[in-house]
Amino acid sequence: MARLKITQIKSRIGATARQCKNLDALGLKKINASVEHDDSVIIKGMIERVKHLVKVEEVAAK
């Protein structure tokens, strides 16, 4: 299964409450913070809501 590396590249200041909750659920708290998640429909939906705040890279599965 593929893994996604998600990096927050912009501040959450000015983002809606829903976008902030999505960032929290993804595990992103600060700019330049990175997390890895399995590639799933749920994660992709969360990324879609905050795509202007994050950068997504595909990482080789372990």
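The first residue in the sequence is number 1, and the count goes up from there. Keep in mind that what you see is a predicted model, and the values were worked out from it rather than measured.
- Ile43 is listed as a side-chain neighbour of Met46, based on a closest heavy-atom distance under 4.5 Å.
- With hydrogens and angles disregarded, no donor-acceptor distance shorter than 3.5 Å links the side chain of His37 to the backbone of Lys5.
- A single hydrophobic cluster is seen to contain both Val50 and Ile42, as judged by linkage of ILVMFWY side chains at heavy-atom distances under 4.5 Å, directly or through other members.
- Put simply, NZ on Lys51 and CD1 on Ile6 are 14.5 Å apart, with the number rounded to the nearest 0.5 Å.
- Heavy atoms only, all atoms of each residue included: Leu28 and Ala33 are closest at CD2-O, 3.4 Å.
- We find the CG-CD1 distance between Asn22 and Ile47 to be 10.0 Å, quoted to the nearest 0.5 Å.
- For the pairing with Asp39, the side-chain contact (heavy atoms from CB on, under 4.5 Å) check across Val56, Val59, Leu4 returns one residue only, Leu4.
- Separating the CD atom in Gln19 from the CG atom in Leu53 is a distance of 6.0 Å, to the nearest 0.5 Å.
- Here CZ of Arg3 is found 13.5 Å from CD of Glu57. Values are rounded to the nearest 0.5 Å.
- Shown here are the side-chain contact (heavy atoms from CB on, under 4.5 Å) partners of Arg12, two or more places apart in sequence or in another chain: Gln8, Cys20, Leu23, Asp24.
- Atom CD1 of residue Ile31 and atom CD1 of residue Ile9 lie 9.5 Å apart, to the nearest 0.5 angstrom.
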